[in-house]
Amino acid sequence: MNRLFLITVLTLIFSMTLMAQKRRQPVQTIISEKEVVQSVYPDAEKVEKLNDYWYKILNSKNKTIGLAMSSMKFCTEVRGYCNTTPVLIITDTKMVIRKIALLTHWETPGYVRRLENSGFFALWNNKTLKDAQKVVPDAYTGATMTAMAVSKNVSFLLENGLKNKPKNIRG
């Protein structure tokens with residue numbers, strides 16, 4: 001009886017260890033920047049660089065319909081749970097935030113969904129860049145490292161986006 005109990009316990013421990021290792025394996029989630037932009041501006045045709053931080057979003061008539069900033073090339077040292085957590089901030093032409101989205105990343109999909117479902121990414125929506133700097137996200141249980149890394153990326157872009165605002169944006 002003791003031998004059967006020991007085998008059962010060891011099997012259970014081995015199974016739990018395998019499950020834990022499987023859950024921790026990072027999986028890259030590919031996010032299309034174009035799809036993120038078109039989720040806000042469905043008629044977006046192209047994006048053109050304005051300066052180191054800003055891009056203008058153009059429709060098929062070459063009219064500027066929005067603006068964007070990406071932390072992809074800047075925040076390479078900011079890590080979430082598994083790796084970098086680059087974000088894309090999309091604004092209207094008056095620089096009011098329309099959307100903040102996580103770009104291609106290695107974070108745990110369930111935790112990212114938890115942040116999305118809790119409204120974390122929407123905290124900055126409909127705010128000017130200055131007002132968005134005042135947003136202080138609450139702690140997010142189970143996704144704290146990801147939330148903190150995303151917040152650092154957003155803060156970096158807000159600060160540098162304000163310092164480097166493009167001039168004469170016309171709709």
Side-chain angles (χ1 to χ4, degrees), residues 28-60 62-109 111-140 143-171:
Q28 186 178 36
T29 302
I30 307 292
I31 309 288
S32 162
E33 292 177 20
K34 181 180 180 181
E35 287 177 14
V36 173
V37 169
Q38 288 180 332
S39 74
V40 176
Y41 297 108
D43 54 338
E45 288 288 322
K46 61 183 176 177
V47 175
E48 289 182 359
K49 187 173 183 171
L50 290 168
N51 62 35
D52 285 343
Y53 297 93
W54 287 99
Y55 296 83
K56 61 182 175 177
I57 302 166
L58 304 163
N59 65 12
S60 61
N62 242 14
K63 179 181 176 187
T64 301
I65 55 176
L67 300 165
M69 290 187 288
S70 170
S71 68
M72 182 85 67
K73 68 178 185 178
F74 298 109
C75 297
T76 57
E77 77 290 347
V78 177
R79 306 278 177 169
Y81 183 71
C82 293
N83 207 324
T84 58
T85 54
V87 298
L88 185 67
I89 296 178
I90 300 173
T91 73
D92 60 22
T93 55
K94 294 178 180 164
M95 297 186 183
V96 173
I97 297 172
R98 298 283 308 274
K99 183 172 190 165
I100 292 183
L102 189 57
L103 295 174
T104 298
H105 60 86
W106 291 86
E107 298 305 287
T108 307
Y111 292 145
V112 174
R113 266 192 307 282
R114 190 179 294 176
L115 291 174
E116 289 168 346
N117 293 340
S118 70
F120 173 78
F121 292 99
L123 290 171
W124 296 274
N125 289 356
N126 302 314
K127 292 184 176 28
T128 64
L129 300 181
K130 251 186 190 169
D131 287 341
Q133 285 184 306
K134 299 172 189 168
V135 171
V136 180
D138 291 332
Y140 288 87
T144 306
M145 291 177 74
T146 303
M148 286 174 44
V150 167
S151 295
K152 286 179 184 179
N153 277 268
V154 170
S155 293
F156 173 87
L157 287 177
L158 293 173
E159 180 180 334
N160 288 286
L162 277 166
K163 288 179 188 174
N164 297 280
K165 288 195 313 193
K167 309 278 189 266
N168 302 325
I169 295 301
R170 294 187 189 143

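Only heavy atoms go into these numbers, but all of them, side chains included; no hydrogens, no water, no symmetry mates. Being a predicted model, the structure only gives us computed values, none of them experimental.
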K.L.:
For Lys163, enumerate each residue passing the salt bridge (Lys or Arg N to Asp or Glu O under 4.0 Å) test, keeping only those at least two apart in sequence or located in another chain.
P.N.:
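For Lys163, the residues satisfying salt bridge (Lys or Arg N to Asp or Glu O under 4.0 Å) (neighbours in sequence not counted) are Glu159.
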K.L.:
Any sub-3.5 Å donor-acceptor pair from Thr128's side-chain atoms to Val96's backbone N or O?
P.N.:
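Not at all, since once roles are kept as given, no pair shorter than 3.5 Å links the two residues.
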K.L.:
Decide yes or no for Leu129 and Ile97: does some side-chain heavy atom of the first lie under 4.5 Å from some side-chain heavy atom of the second?
P.N.:
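Yes, their side chains come closer than 4.5 Å.
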K.L.:
Only counting residues at least two apart or in another chain, list the ones meeting side chain to side chain donor-acceptor pair (under 3.5 Å) with Asn62.
P.N.:
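For Asn62 the side chain to side chain donor-acceptor pair (under 3.5 Å) partners, ignoring immediate neighbours, are Lys46.
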K.L.:
What residues, two or more places apart in sequence or in another chain, satisfy side-chain contact (heavy atoms from CB on, under 4.5 Å) together with Asn126?
P.N.:
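side-chain contact (heavy atoms from CB on, under 4.5 Å) check on Asn126 returns nothing, list empty.
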K.L.:
To the nearest 0.5 Å, what is the distance between CZ (Phe121) and CD (Glu116)?
P.N.:
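Taking CZ in Phe121 and CD in Glu116, the distance rounds to 5.5 Å.
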K.L.:
From the options Val154, Asn160, Leu158, select the one residue that forms a side chain to side chain contact (heavy atoms under 4.5 Å, CB included) with Phe156.
P.N.:
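For Phe156, the side chain to side chain contact (heavy atoms under 4.5 Å, CB included) check succeeds only for Asn160.
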K.L.:
Ala101: which residues meet the side-chain contact (heavy atoms from CB on, under 4.5 Å) condition with it, sequence neighbours left out?
P.N.:
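Expected list: Val36, Lys99.
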K.L.:
So, applying side chain to side chain contact (heavy atoms under 4.5 Å, CB included) with Ser71, which one of Asn153, Val150, Leu88, Ile89 is it?
P.N.:
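Only one option passes, and that is Asn153.
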K.L.:
For residues 117-133, which residue pairs pass the salt bridge (Lys or Arg N to Asp or Glu O under 4.0 Å) check, not counting sequence neighbours?
P.N.:
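Sorted pair list: Asp131-Lys134.
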K.L.:
Check ring-ring contact (aromatic ring centres under 6.0 Å, His included) between Trp124 and all other residues, then give those that pass, not counting sequence neighbours.
P.N.:
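If we apply the ring-ring contact (aromatic ring centres under 6.0 Å, His included) test to Trp124, skipping adjacent residues, the hits are Phe120.
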K.L.:
Distance from Thr91 atom OG1 to Arg98 atom CZ, nearest 0.5 Å?
P.N.:
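One finds 9.5 Å between OG1 of Thr91 and CZ of Arg98.
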K.L.:
I want to check something: taking the side chain as every heavy atom from C-beta on, are Leu58 and Val47 in contact at a cut-off of under 4.5 Å?
P.N.:
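Not touching, per the 4.5 Å side-chain cut-off.
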K.L.:
For the atom pair OG (Ser70) and CD1 (Ile90), what is the distance rounded to the nearest 0.5 Å?
P.N.:
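It comes to 10.5 Å.
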K.L.:
Looking at side-chain heavy atoms only, is the closest gap between Thr64 and Ile57 below 4.5 Å?
P.N.:
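They are not in side-chain contact.
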K.L.:
Tell me, do Tyr41 and Asn59 make a side-chain contact under 4.5 Å, heavy atoms counted?
P.N.:
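A side-chain contact under 4.5 Å is absent here.
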K.L.:
Do Leu67 and Leu50 come close enough that some side-chain heavy atom pair is under 4.5 Å?
P.N.:
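Yes, their side chains come closer than 4.5 Å.
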K.L.:
For Ser155, give me all partners under side chain to side chain donor-acceptor pair (under 3.5 Å), at least two apart in sequence or on another chain.
P.N.:
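So Ser155 forms no side chain to side chain donor-acceptor pair (under 3.5 Å) with any residue.
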K.L.:
Could I get the full list of side-chain contact (heavy atoms from CB on, under 4.5 Å) partners for Asn51, not counting sequence neighbours?
P.N.:
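side-chain contact (heavy atoms from CB on, under 4.5 Å) check on Asn51 returns Tyr53, Trp54, Asn164, Pro166.
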K.L.:
Please confirm whether the backbone N or O of Ala44 pairs with a side-chain atom of Gln38, one donor and one acceptor, at under 3.5 Å?
P.N.:
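Checked: pair present.
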